[in-house]
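Below: the structure, in structure tokens.
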Amino acid sequence: MQQPTQLAADVLTLADSPVVAVLLQPLALAGSECPACGQRCFPRRTLCMQCGSGALRDVALANRGRLYSHSAVHVSSRRPVPYTIGYVDLDDGTRVLADLQQVGEDCALDVPVVLQAADDGRWWFAPDPESGHARIPAAAGEVRG
Amino acid sequence: MTSEPYVVAAAMLPVGRYPGRSYVDLGAPVVGRVLADAALAPRDVQAVYCGHSFGGMLAGQRIAQAVGLGGVPVTNVENACSGGATALHEAQAAVRCGRHDVTLVVGVDQLSQFGGGTLPLNADDWEVQRGMVMPALYAMRARRFLHERGASVADLAEVAVKARAHGARNPYAQLRKPVSVEEVLASRTIATPLTLYQCCPSGDGAAALLVVSDRVRRRLGGRAVRVRASVLHSGTPRAGFRPMLRPDITVGSAREACEQAGIGPREFHCIELHDAFTVAELVYYEALGLCREGEAVGLLRSGATRLGGRTVVNPSGGLLAKGHPIGATGVAQVVEAYWQLTGRATGRQIDGARLALTHVTGGGITGVDHGACCVHVFEGTA
């Protein structure tokens, strides 16, 4: 079990970062990394959600990952429908709930995906065309479509 | 004086849509019913615990007042879908430690106030801002289940078929029409791969329990159900990978409850579990330890969890058929367990039911499987 480090002295004066995703160049999401336990998280935070330590530092998160699961949402109290979201496990171990594009009903799980963005700041993940392994390990299923 | 807690009376409204009624209109009749059943007066109640999420300030006091009950501590509990079960968790603890001899538990909520659609989640949450709604969360779990377990959408649909078949025998269920696998899969899409009949309906409800000490139980006579275990967990936050098919909040709560009671998961005659969406029942078969990992579909197909089977799961119809009025749900599950263990589950009685487990989770927030999970174990007293 990771021992929580002492909270930074000024931690109570800090508000969490406003909850907006920050896109960096080269294209990446801005997240936080905990100096105590090493866990990265998204979006950026002031305190580590896993060990409570303070003084997290901003980092550029991995812009590639694997699609853990996805759903096309047809009924929602949150957004106009339909929209497709999914959990992406980034290559640096961070999990991100993201909008997805080019992910249809037949899209297999665990496929490589990559971060993409538009000029207006919208961002999403899509199947990774540059991935040399469009086919993924047999145990994880078959890529179709 | 410390005491084992007992449930000596239980009542609920048939789950449904009661758009014209207030929280008092919903809650007061079931409170009146349990007091009458136990032959207790309002002044006999020493504490009230009320679970609800959308009833506004002091819902518990408003309901208590309506039946002439006041002066005593009234605690309102918000814990999403676990609110009602958490109210029981607190009530039984107060009896167990000797603080009170007679406590009243009420669970109540009215979702018809929102019209319809998905449960309103807290907009402070990052994932909710991104478009997370409860059906989407379970839909992602469902797709992962199909992928890892090699299951089909028809396997998911079988859960709804079983729930509706049980619900058809329960006059307190919101949905009482049996459905076929084909009808489940042909119902409209909510969040792929889940269709409408794989999602619990939105409804209104209220349920109540009287939880008393052994001393009072003996004085009252009548049939009682002993609370053998009561466990409440919150989710452990993770910023990285989390296996959606092995929700640690349920695994941990259930294991602890079984240890407290000294009863193995496969010894229960009746289980009411949190089947808010079809996939949940299959995931929870494994998480509760009813079968090994990868065996959930086989367990469902075997018929062991249907009425007439070895461990009947959701004889009430569960959330999928009985309905899911958030704060009332955890209490309504215990009402079903009480009826089963006292031989009063007319039309769906499990022969010889002596041991029951209830399991309810709660909420969708970033970083955890669920925000809350409450598990209870009950034993009938002959």
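Lettering of chains follows the sequences in order, A, B, ..., and the numbering in each one begins at 1.
For the pair Val133(B) and Val75(A), the tightest heavy-atom approach, listed with the atom from each and the gap, is CG2-O, 4.0 Å. Heavy atoms only, all atoms of each residue included: Ile85(A) and Ala136(B) are closest at CD1-CB, 4.1 Å.
Of the atoms belonging to Met132(B), heavy atoms from both backbone and side chain fall under 4.5 Å from chain A. Contacts between Leu194(B) and chain A at a heavy-atom distance below 4.5 Å are absent for every atom of the residue. Only the side chain of Arg188(B) comes within less than 4.5 Å of a heavy atom in chain A; its backbone stays farther off. Contacts of Asp92(A) with chain B are absent, with no heavy-atom separation under 4.5 Å from either backbone or side chain. Residue contact with chain A, scored on non-hydrogen atoms closer than 4.5 Å, involves the backbone and the side chain of Ala123(B) alike.
At most 12 non-hydrogen atoms from other residues, nucleotides or ligands lie less than 6.0 angstrom from CG of Asp119(A).
Looking at Glu127(B), its side chain never comes within 3.5 Å of a backbone N or O of Leu97(A) through a donor-acceptor pair. Within the 3.5 Å criterion, the main-chain N or O of Pro120(B) finds no donor-acceptor partner in the side chain of Ser77(A). Of the possible donor and acceptor atoms, one in the side chain of Ser71(A) sits under 3.5 Å from a partner among the backbone N and O of Thr192(B). Distance alone, capped at 3.5 Å, places no donor-acceptor pair between the Tyr68(A) side chain and the Met140(B) backbone. Here the side chain of Arg78(A) pairs a donor or acceptor atom with the backbone of Val128(B) at under 3.5 angstrom.
Looking only at heavy-atom pairs under 4.5 Å with chain B, the residue among Asp89(A), Val81(A), Leu90(A), Thr84(A) that has the most is Asp89(A). Per-residue counts of heavy-atom pairs under 4.5 Å with chain B were compared for His70(A), Arg79(A), Met49(A); the largest is that of His70(A). Ranked by heavy-atom pairs under 4.5 Å with chain A, the list Gly131(B), Ala139(B), Gly117(B) is led by Gly131(B).
Between Asp110(A) and Arg144(B), at least one side-chain nitrogen of the basic residue sits less than 4.0 Å from a carboxylate oxygen of the acidic one, meeting the salt-bridge criterion. A salt bridge links Arg143(B) and Glu105(A); the closest N-O separation between the charged side-chain nitrogens and carboxylate oxygens is under 4.0 Å.
Separation of atoms CE (Met244(B)) and OG (Ser69(A)) is listed at 6.5 Å; rounding is to 0.5 Å. Here the straight-line distance linking atom CZ of Phe42(A) with atom OG1 of Thr366(B) works out to 10.5 Å at 0.5 Å rounding.
With a 4.5 Å cut-off on side-chain heavy atoms, Thr189(B) and His74(A) count as touching. Proximity of Gln50(A) to Thr236(B): side-chain heavy atoms (C-beta onward) are nowhere separated by under 4.5 Å.
Judged by a 6.0 Å distance limit and a 45° cone about the ring axis, Arg130(B) is positioned over the six-membered ring of Trp123(A).
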